[in-house]
Amino acid sequence: MITYRKADTNDPEMLVEARCSFLRALRSPGGDAGKGVDAETEREIESRREAIRSYHERAFIEDRIVAFMAYDETIDDLKKLIGFGEACLYEVIPGFVNPNGRRAYIMNIYTDPAYRGNGIATKILDMLVNECRERGVHQITLNSSVMGKHVYEAYGFMPMSENDMILKI
C-alpha cells in the first residue's frame, strides 16, 4: 500500500537522504539513484550533505518549504520511501500577474524506478500545488528533467525556456 505524508520539522534527515538520492539520480543511467554514480560525483554529493541539512532545518523553522513523501508500506512491514518532492516558498515584488508576490519553486520530485508509471510523481505534484494554492501562491516554477517533462506538461505547466516551466494558479 502506498501512503503519502507531508514532511515536518522532524524530517530534515529524511529530506537530506531524499535530496542526495535525487542528485544521484540526475547523474545515474536511467535516472536510477540505486545504480550508483562515479566516485567523484559521490564525493561532490556528500560534500553538500551538511549544507542540505542546514537548509532544511532553517527552511522549516522559517516556514519557507513544503515537502511530501510517498511510502510503500507493504515491504516487510517497513515503510520504504519511494517518492518525494519539495517546494521552496518565496516572495517577489507584487505586480499585475502576481498580486501578492508569493511564488514557489518545485524541486526534487523523484520516484523510485520500480514504482514509476503509477502516478506517484503526479500525486506528489498535486499535493505540492494544492499546498501552494492554500498559502496564496500565484506562480510556481520548476526546472524539468527530460523524464519529468511529460508529467509537468500534463499537469498544465507551460514552458518558459528549454527546461524551465511555470504554472499560474
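These values consider heavy atoms only, across backbone and side chains, with no hydrogens, waters or symmetry-generated copies.
- The side-chain contact (heavy atoms from CB on, under 4.5 Å) test with Met127 is passed by exactly one of Asn130, Val129, Ile124, Leu125: Ile124.
- Side-chain contact check for Ser28 versus Val37: some heavy-atom pair is nearer than 4.5 Å.
- For residues 19-30, the salt bridge (charged side-chain N to carboxylate O under 4.0 Å, His left out) pairs, not counting sequence neighbours, are Arg24-Glu42, Arg24-Glu46, Arg27-Glu44.
- Cluster membership for Ile169 and Leu142, using ILVMFWY side-chain heavy atoms within less than 4.5 angstrom, is shared.
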Given His138 and Asn100, is the side-chain contact (heavy atoms from CB on, under 4.5 Å) satisfied, shown in steps?
CA-CA 8 Å; His138 287 277; Asn100 65 10; 3.1 Å; yes
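- By the side-chain contact (heavy atoms from CB on, under 4.5 Å) test, Asp38 is found to be paired with Glu40, Thr41, residues two or more places apart in sequence or in another chain being considered.
- When the side-chain contact (heavy atoms from CB on, under 4.5 Å) test is applied to Glu134, the partners found at least two apart in sequence or on another chain are Glu131.
- In this structure, Val92 and Gln139 have side chains that are not in contact, with every pair of non-hydrogen atoms separated by 4.5 Å or more.
- Here Phe96 sits alone; no ILVMFWY side chain lies under 4.5 Å from its own, so it joins no hydrophobic cluster.
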Step-by-step side-chain contact (heavy atoms from CB on, under 4.5 Å) determination, Asp112 to Lys80
CA-CA 10 Å; Asp112 183 303; Lys80 176 186 178 189; 3.4 Å; yes
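- Applying the side-chain hydrogen bond (donor to acceptor under 3.5 Å, both in side chains) criterion to Arg53, with sequence neighbours excluded, gives Glu13, Glu50.
- Considering every non-hydrogen atom in both Pro99 and Pro94, the closest pair reads O-CB, 3.1 Å.
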Using atom types as modelled, flag every donor-acceptor pair under 3.5 Å from a side chain in residues 151-158 to any protein atom, sequence neighbours excluded.
{"from": "Tyr155", "atom 1": "OH", "to": "Asp126", "atom 2": "OD1", "distance (Å)": "2.6"}

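- Hydrophobic side-chain contacts under 4.5 Å tie Ile93 to no other Ile, Leu, Val, Met, Phe, Trp or Tyr residue.
- Remark: Glu91 engages Arg102 in a side-chain contact (heavy atoms from CB on, under 4.5 Å) (not counting sequence neighbours).
- Two residues are said to be in side-chain contact when any heavy atoms from C-beta on lie closer than 4.5 Å; Leu128 and Ile109 meet this criterion.
- Annotation for Lys149: atom NZ counts as buried by contact number, over 12 foreign heavy atoms lying within 6.0 Å.
- Under the 4.5 Å side-chain contact rule for hydrophobic residues, Ile106 and Tyr90 do not share a cluster.
- Residue pairs meeting the side chain to side chain donor-acceptor pair (under 3.5 Å) criterion with at least one partner in residues 159-169, sequence neighbours excluded, are Asn143-Asp164, Ser161-Asp164.
- For the atom pair CD (Glu86) and CG (Asn108), the distance works out to 4.5 Å, reported to the nearest 0.5 Å.
- Rounding to the nearest 0.5 Å places CD1 of Ile82 at 3.5 Å from CD1 of Ile120.
- Interatomic distance, Cys88 SG to Met107 CE, rounded to the nearest 0.5 Å: 5.5 Å.
- Among residues two or more places apart in sequence or in another chain, the side-chain contact (heavy atoms from CB on, under 4.5 Å) test is passed with Asp8 by Asn10, Asp11.
- Within the hydrophobic cluster formed by Ile, Leu, Val, Met, Phe, Trp and Tyr side chains joined at under 4.5 Å, directly or through other members, Ile65 is accompanied by Met14, Leu15, Val16, Phe22, Leu23, Leu26, Ile45, Ile52, Tyr55, Phe60, Met69, Tyr71, Leu81, Phe84, Tyr110.
- Shown here are the side-chain hydrogen bond (donor to acceptor under 3.5 Å, both in side chains) partners of Thr3, two or more places apart in sequence or in another chain: Glu73.
- In this structure, Met165 CE and Ile140 CD1 are separated by 12.5 Å, a value rounded to the nearest 0.5 Å.
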